[in-house]
Number of protein chains: 2
Amino acid sequence: MNESAAPRKRRGSGRATIHDVARLAEVGSITVSRYFTEPGRVAAKRSARIAAAVKELGYVPNLVAGGLASSHGRVIGMVIPNISGPIFAHTIQSFSDTLSRHGYQLLLASSYFSAKQEESAVRAFLGWKPAALVVTGRFHNRATEKLLNTAGIPVVETWDYQPRRKPIQVGYSNHAVGEQAARYLYAKGYRRIAFVQNSVAGDLSAVDRSDGYAAVMREHGLEPRVYVPTAEAPFDAGKQAIEALALGRGKHAEAIIFANDNLAAGALLAGQRAGLKIPEQCAIVGFGDYAFSPLLLPSLTTIRPPGREIGEIAALRILEQLGVLPASTQDSRLNLLACELIERESA
Amino acid sequence: MNESAAPRKRRGSGRATIHDVARLAEVGSITVSRYFTEPGRVAAKRSARIAAAVKELGYVPNLVAGGLASSHGRVIGMVIPNISGPIFAHTIQSFSDTLSRHGYQLLLASSYFSAKQEESAVRAFLGWKPAALVVTGRFHNRATEKLLNTAGIPVVETWDYQPRRKPIQVGYSNHAVGEQAARYLYAKGYRRIAFVQNSVAGDLSAVDRSDGYAAVMREHGLEPRVYVPTAEAPFDAGKQAIEALALGRGKHAEAIIFANDNLAAGALLAGQRAGLKIPEQCAIVGFGDYAFSPLLLPSLTTIRPPGREIGEIAALRILEQLGVLPASTQDSRLNLLACELIERESA
DNA sequence: TTGTAAGCGTTATCAG
DNA sequence: CTGATAACGCTTACAA
C-alpha cells in the first residue's frame, strides 16, 4: 500500500502518451494525432487545449510508434566510405541539413570502401524502415544490389555518375575528371605525364580517373604511366610516388596527376625537400581541393568535386520522390554535376 | 477476380514479417524472435529451418516494431556543432564505429553552435526513443537541459569537461588548454602574449581557453590581451588579427595564441606576406591540429584535442550504462582526457 | 525449449 | 471537424 497512486506499468517507457494528452485536453486521441500531422484540420479551441496539455505533460510524440503505424518512417539512411574524410563531410552536412529542414533524420554509417561493410550497413538500415537510402558510388556487391532493388524505397547513388544505370545518381564522372586533368596539362605543354593511384584498394573511383587520364594520353599518341604506391599513409605514398617518378636519374615525369590531394601534398613536400622545383621541374595536380591545398607553398592546383551540392541535390531528389517536394521539371534521374579545376601554383 | 491470390493488404509494407517466417519454418513466431535475439535458446533443428525460411523470404527484422514492443530502440542520437568541421569528424567516426560494432545505429544532427538548433535536434531525437543521447559541450539552454534531464536515458556531454557536473562527461578542460598554451610561450621567454578569439559567436569553449590564458598571464603579473576579430571567414579573421596585433607601429605582440588553427593559418600566411618573420618576430600557437597544420611553412605549433578518443570513450561509457558492456572499474562519470601540445616551427 | 496472449503508442479506416 | 476501432510487427509475461 506504500505504492504511489499511479499503477506501476509492466511495459512502456512511463512517459506521457498521446492518450494522456487526449485525456487532459478532453479530446479524442486521434485529434491529438491530427494536431501534430495536419494542424489545419483541428478547430482552434481544441488546438489550444491540446497545446496546453502537451506543454504540461512535456509530451513528445513517439515517432517509433508512428512509424510502425503509418509504415513510413522519417529517417533516411546514408552509407559513406569515410565520415572523417575531407571531402565527404560536406556532403553529409548539406544532406543532413536539407533533410532536417523537412522533418527527416539522418541515419549514418561508414563502409571504409569495403563492399562487405556497405552491405551490412544497408541491411541494418533496412530494419529501420527508412524512407530512402543513399549510398556512395556505383560499385556494390550482389547482395547489396539485391537489398537495394527490393527495398521498395528511393535509392540514390552519390559521388559517381554513369550513363545508363537505373538508380537515381547524383555526382560527376570520374572518368571525365581524369580527362580534365590530363587535357589541362597537355594544353600547358606537358607530355611526360604520369598518374599516381590511391594506395587504398577499393577506391574504385580513382581507377575511373586514371582511365580517363589514360584515354587522353592515348588520344594524343602518348604512353600512359600509372604508378601505384604501396605505402599505406597517404603522405608517405605521395612521397614514394614522386621519388619513383621524378627524382633520381632516368626518372623524369614532367607532370603528375594524383588520385587525391593528400598524395599530392606528400609528393609536393617531399619533392621540395629533395630540391625539386615545382612546377618548373615537375608540375603537380591533385584531386579534392582539401582545406590545406590553397595553403601549401606552392599552392596546389587541383580539381574540386561538388561535395556540398551532391548532398543537397541528393536530398532534394529524395524529397521529390517521397512527394514532399513537387517533382522538378528535369529528369530527376540525371544529376550530372561538374568538377571545377582550380588553377594554382603547382601546375 | 483477376486479383492475385494474396489478399491486398490495406496497411503494412508488404514485406515478409516474422509471422511469415514462422509459418514457413513451421515454428511459433516467438521462436523466430528468439532466433535473432538469443540464438542460444533455440534448438539447432529449428534454427536451421528458420535460417532457411529467412533466406528464402529475404526477411529483415523490423526494428521499428521491435523498438516499440521492447521500448528500447537501438539508435543513439548525437548532436554535433558542425559535421564538416575538421575536428568533430573524427569523433563522429569513432563513435559510430564503436556503436555499430555492438548493433547500435547513429542518428546525427548538427547545431551550428546554436542553442536553439541544439534544442530542436534533441527534441527530434527524443521522438525516436533513442537508447542514449550525446551532446557537445556543457552549454545548453534551459529547455534542452530539461529535455535531457527527464529523458530517462544515458546522456553524455563531449568535448568539454567541468568538475562537479552531473552528466557523464568525456572531454578535456578548455581552460587548461588555454593555460597550457600560455605557459608554453611564457617558458620560452615570451611576455607580450595575446589571444585571438573565434569570430563565430557561440563557440563558448574558445572563451574558456582565453580565460585559461588570461589566468596564467595574471599569475605572472602580465596584462592579458584578448582580441576579437569581426571578419566572418576564419582565414580573414586571422589576417585581421595579426594586422591589429603585430603589424604596424605600436603593434608588437611577441606571441599570439589563436582560438583555432584556421585563424592561426590565416594569420601566418598574412604575416609572411607582410614580411613578418615567424616565429622570430611573432610566434604563433593554434588549436585543433588540423590536417594542414603540419604542412604550413613554417609548420604550425598547435594543441591537438583527442577527437577520436572522445568518440570512442563516449560510446564505451554509453554501452556500459546500457549494460551492453561490463561497467569499468573507474567512476565512469569522470573522463578527463589530455590535449597534446604539438611543438612545430611557428612557436 | 517452445508457445499463447496481451500489449507497445501511434495512425488508417470508416462512420458520424 | 471529430471519434471508435483495428491494425502496424514485434517482444514481454507467463504458462506449458
(message) Tell me whether A:Glu145 is salt-bridged to A:Arg142, with the criterion being a basic N under 4.0 Å from an acidic carboxylate O.
(response) no
(message) Contact list please: residues 53-61 of chain A against DNA chain C, heavy atoms, distance less than 4.0 Å, in numerical order.
(response) A:Tyr59, A:Pro61
(request) By nearest nucleotide on DNA chain C, pick out whichever of B:Ser29 and B:Ala65 is the more 5' one. (result) B:Ser29
(message) Expressed as a whole number of angstroms, how long is the span from A:Glu26:CD to D:dC1:C1'?
(response) 18 Å
(request) Round to the nearest Å and state the distance from B:Leu126 atom CG to C:dG9 atom C1'. (result) 15 Å
(message) Using a 4.0 Å cut-off on heavy atoms, which residues in residues 32-47 of chain A reach DNA chain C? List them by number, or say none.
(response) A:Ser33, A:Thr37
(request) Would you check if A:Ser110 and A:Asn82 make a side-chain contact, meaning some heavy-atom pair closer than 4.5 Å? (result) no
(message) So, OP1 or OP2 of D:dG3: does either fall under 4.0 Å of a side-chain N or O from A:Thr31?
(response) yes
(request) Round to a whole Å and report the spacing from NE2 of A:His72 to C1' of D:dG9. (result) 16 Å
(request) Assess whether side-chain hydrogen bond (donor to acceptor under 3.5 Å, both in side chains) is satisfied between B:Asp160 and B:Thr158, documenting all intermediate values. (result) CA-CA 5 Å; B:Asp160 202 346; B:Thr158 55; over 6 Å; no
(request) May I ask you to test the A:Ile76-A:Leu133 pair for a side-chain heavy-atom distance under 4.5 Å? (result) no
What side-chain donor-acceptor pairs closer than 3.5 Å can you find for residues 119-132 of chain A, not counting sequence neighbours?
unit_1, atom_1, unit_2, atom_2, d
A:Glu119, OE1, A:Lys116, NZ, 3.3
A:Glu119, OE1, A:Asn141, ND2, 3.1
A:Glu119, OE2, A:Arg123, NH2, 2.8
A:Ser120, OG, A:Gln117, O, 3.2

(request) Could you tell me the separation between the CZ atom of A:Arg74 and the C1' atom of C:dT10, rounded to a whole number of Å? (result) 14 Å
(request) Mind calculating the distance between NZ (B:Lys129) and P (D:dT11) to the nearest angstrom? (result) 18 Å
(message) What is the separation between atom NE2 on A:His19 and atom C1' on D:dA4, rounded to the nearest whole Å?
(response) 12 Å
(request) Report the nucleotide, chosen from C:dT4, C:dG9, C:dA12, that has the shortest atom-to-atom distance to any side-chain atom of A:Ile30. (result) C:dA12
(request) Select one nucleotide: of D:dG9, D:dT12, C:dG3, the one nearest the side-chain heavy atoms of A:Leu68. (result) D:dG9
(message) Whether the A:Trp159 and A:Thr91 side chains hold a donor-acceptor pair (N or O, under 3.5 Å, no angle test) is what I'd like checked.
(response) yes
(message) Looking only at side-chain N and O atoms, does B:Gln105 offer a donor or acceptor that is under 3.5 Å from a partner on B:Ser100?
(response) no
(request) Among A:His90, A:Glu312, A:Arg308, A:Met78, find the one that has a side-chain contact (heavy atoms from CB on, under 4.5 Å) with A:Phe95. (result) A:Met78
(request) Could you tell me the separation between the CH2 atom of B:Trp128 and the C1' atom of C:dC8, rounded to a whole number of Å? (result) 15 Å
(request) Please check if the distance between the ring centroids of B:Phe36 and B:Tyr59 is under 6.0 Å. (result) yes
